[in-house]
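The next block holds one structure in the form of structure tokens; read it before the comments.
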Amino acid sequence: MARRLAALIVLVASFLAGPAACQGASICFSGWLRPLNPLLCPRGSRMNRLPRQRGASPSGFGLSYGYYNNRRSSSYCPRAEAIVRDAVRKAVAANPGVGAGLIRLFFHDCFVRGCDASVLLTATNSGNADVEREGPPNKNSLRGFEVIDAAKSALESACPRTVSCADIVAFAARDASFFLSRGRINVRAPGGRLDGRESFANETDQLPGPFSNVTELQASFAAKGLSSDDMVTLSGAHTVGRARCLFFSSRFAEMDPALAAKLRAQCNGDDNTFANQDDVTPDVLDRQYYRNVVDRKVLFGSDAVLGNATETVAQVRENANRVGAWERKFELAMEKMGRIEVKTRAGRDAEIRKVCSVVNS
Ligand code: HEM
Ligand SMILES: *[C@@H]1O[C@H](CO)[C@@H](O)[C@H](O)[C@H]1NC(C)=O
Ligand SMILES: *[C@@H]1O[C@H](CO)[C@@H](O)[C@H](O)[C@H]1NC(C)=O
Ligand SMILES: *[C@@H]1O[C@H](CO)[C@@H](O)[C@H](O)[C@H]1NC(C)=O
């Protein structure tokens with residue numbers, strides 16, 4: 001009886017998860033679903049298939065360092081990067097978790113329609129309400145928007161209509177990495193991106209999920225022109241910030257037993273409770289993540305597989321053991337991510353927004 005009841009609950013839960021997880025049955029966020037029931041993702045739905053196309057390495061054509069410092073350019077705004085840094089410094093001092101949020105915001109922006117601040121939009125050119133922020137990977141999860149808005153409003157006073165929201169997101173991720181690493185990580189961040197005018201929730205299925213296997217992780221990064229090594233390097237960002245229990249509570253048995261016991265108590269059966277991703281140094285951007293992979297102290301299956309898969313285990317061990325190795329790779333991989341599919345020519349699809357959440361009218 002109890003077993004039948006449990007089966008019924010799973011069935012009902014899978015129907016409830018159905019529409020949100022599988023939009024229109026043609027798109028399925030399989031990497032974001034607990035692998036409970038194959039009915040959740042109909043065979044042949046997008047993302048049950050691996051992304052096929054391999055993107056070229058992102059060139060970032062049109063971006064340049066110190067983009068806003070050129071006195072002879074119409075983009076001259078010499079305080080631009082300092083204004084963003086001040087906003088991020090204040091926010092991270094008040095709550096380091098917001099710094100983690102800003103690093104993730106950059107990733108989620110760049111992987112969907114390129115680094116064009118499409119992740120910030122609530123009002124688009126098409127007028128659709130189902131924007132990226134509403135997609136399963138982002139909803140009730142992304143944070144740091146208010147820091148971008150604070151920087152933008154200071155910038156609109158200093159240099160109206162000059163600094164794009166896409167560049168603010170990139171600079172903010174660079175600055176958050178700097179502060180959370182206690183100055184050990186200096187990402188070079190060129191500027192010159194323009195802001196996009198569209199944003200669709202269903203396109204966030206391009207983001208790999210916590211239940212993705214190594215093949216899926218590699219494929220999702222390859223689709224953006226990033227390598228398997230880039231994927232392992234950037235996953236190190238899971239040394240800061242937090243995650244909801246629903247993404248790891250199915251893995252307690254595979255974790256370090258002491259950590260599993262602690263997390264189980266903390267989650268207390270509530271899927272939406274958050275826990276720190278790195279139990280050892282939760283607010284420091286450091287190579288501890290790779291020690292955690294080796295020690296089975298990471299939360300997601302997508303983290304744990306990096307220590308199991310033959311293609312990735314060597315880099316995990318090197319990052320865990322060699323001082324300074326990961327930090328330099330992270331700097332380069334973040335810069336590379338910031339070059340994905342950038343828009344640098346103004347037109348019908350690209351502009352400098354006045355307000356970061358709304359396209360210009
Ligand atoms: C490799 C594939 C990746 C997967 C499957 C993944 C998945 C996730 C998930 C499920 C969460 C928790 C969200 C929640 O519970 O609300 C998370 C948090 C986070 N991710 Fe990733 N992620 C990946 C790669 C990255 C990359 C490339 C970065 C940045 C370079 C990143 C940075 C972060 C940060 C900083 C957080 C914590 C955010 C906060 O505390 O607000 N992740 N990730
Ligand atoms: C990963 O998942 C895909 C389905 O998305 C499957 O075809 C593949 O066999 C899996 N790979 C591994 C290594 O488990
Ligand atoms: C994604 O959503 C948009 C509008 O919300 C829709 O026009 C488009 O057809 C959807 N794409 C797919 C592949 O379902
Ligand atoms: C990694 O390997 C360990 C030990 O072989 C196993 O318990 C665990 O399930 C594996 N993890 C993943 C995510 O494949």
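Counting starts at 1 for both ligands and their atoms, following the listed order. Residue numbers start at 1 and run along the sequence shown.
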Notebook entry, point to check: Which atoms of ligand 3 are found less than 4.0 Å from any heavy atom of Ile27?
Noted result: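 Listed by number with element, the hits are 12 (C), 13 (C), 14 (O).
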Margin query: If the cut-off is 4.0 Å to any non-hydrogen atom of Asn202, which atoms of ligand 3 fall inside it?
Written below: 1 (C), 2 (O), 3 (C), 8 (C), 10 (C), 11 (N), 12 (C), 14 (O)
Margin query: Membership question, hydrophobic clusters at under 4.5 Å side-chain separation (ILVMFWY): are Val169 and Leu234 in the same one?
Written below: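 Per the 4.5 Å side-chain linkage, Leu234 and Val169 are co-clustered.
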Check: Can you hop from Leu121 to Val119 via hydrophobic side chains spaced under 4.5 Å?
Finding: no
Margin query: Within ligand 2, which atoms have a heavy atom of Thr215 less than 4.0 Å away?
Written below: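 Matching atoms, with element in brackets: 11 (N), 12 (C), 13 (C).
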Next item on the list: May I ask you to list the atoms of ligand 2 that are less than 4.0 angstrom from any heavy atom of Asn213?
Entry: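 Selected atoms, number and element: 1 (C), 2 (O), 3 (C), 8 (C), 10 (C), 11 (N), 12 (C), 14 (O).
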As an exercise, identify every atom of ligand 1 less than 4.0 angstrom from a heavy atom of [X].
X      : result
Gly209 : 5 (C)
Ala243 : 12 (C), 15 (O)
Leu217 : 1 (C), 2 (C)
Phe274 : 16 (O)
Trp32  : 10 (C)
Gly241 : 37 (C), 40 (O)
Ala237 : 28 (C), 29 (C), 30 (C), 31 (C), 32 (C), 35 (C)
Ser235 : 1 (C)

Notebook entry, point to check: Can you check side chain to side chain contact (heavy atoms under 4.5 Å, CB included) on Leu105 and Leu120, steps first, answer last?
Noted result: CA-CA 9 Å; Leu105 205 54; Leu120 305 178; 4.2 Å; yes
Salt-bridged, [X] to [Y], with N to O below 4.0 Å?
X      : Y      : answer
Arg89  : Asp86  : yes
Arg161 : Glu156 : no
Asp256 : Lys297 : no

Next item on the list: Take the angle between the ring planes of Tyr289 and His238 and call it parallel below 30°, perpendicular above 60°, tilted in between.
Entry: perpendicular
Next item on the list: Specify whether Phe330 and Trp326 have parallel, tilted or perpendicular ring planes, treating 30° as the upper limit for parallel and 60° as the lower limit for perpendicular.
Entry: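 Aromatic pair Phe330/Trp326 classed tilted.
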Checklist line | Candidate with minimal heavy-atom separation from atom 37 (C) of ligand 1, of Gln218, Met334, Gln277, Met337 | finding: Gln277
Check: So is Pro210 close enough to ligand 1, meaning a heavy atom under 4.0 angstrom away?
Finding: yes
Next item on the list: Take Arg113 and Glu203 through the test salt bridge (charged side-chain N to carboxylate O under 4.0 Å, His left out) and record every step on the way to the result.
Entry: CA-CA 8 Å; Arg113 292 192 165 251; Glu203 293 181 352; 2.7 Å; yes
Item checked: N or O pair under 3.5 Å between Asn128 and ligand 3 -> no
Next item on the list: Under 4.0 Å, heavy atoms only, figure out whether ligand 1 is touched by the backbone of Arg143, its side chain, both or neither.
Entry: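 The part of Arg143 near ligand 1 is the side chain, not the backbone.
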Check: What do we get for Phe300 next to ligand 1 when only non-hydrogen atoms under 4.0 Å count, side chain, backbone, both or neither?
Finding: side chain
Students should be able to answer this: which protein heavy-atom is nearest to [atom], and at what distance?
atom                     : result
atom 16 (O) of ligand 1  : Ser141 OG, 2.5 Å
atom 2 (C) of ligand 1   : Pro208 CG, 3.5 Å
atom 25 (C) of ligand 1  : Phe107 CE2, 3.3 Å
atom 15 (O) of ligand 1  : Arg244 N, 2.7 Å
atom 21 (Fe) of ligand 1 : His238 NE2, 2.1 Å

Margin query: Within a 6.0 Å radius of atom CZ on Arg184, are there more than 12 heavy atoms belonging to other residues, nucleotides or ligands?
Written below: no
Checklist line | Between Phe211 and Phe300, ring centroids under 6.0 Å | finding: no
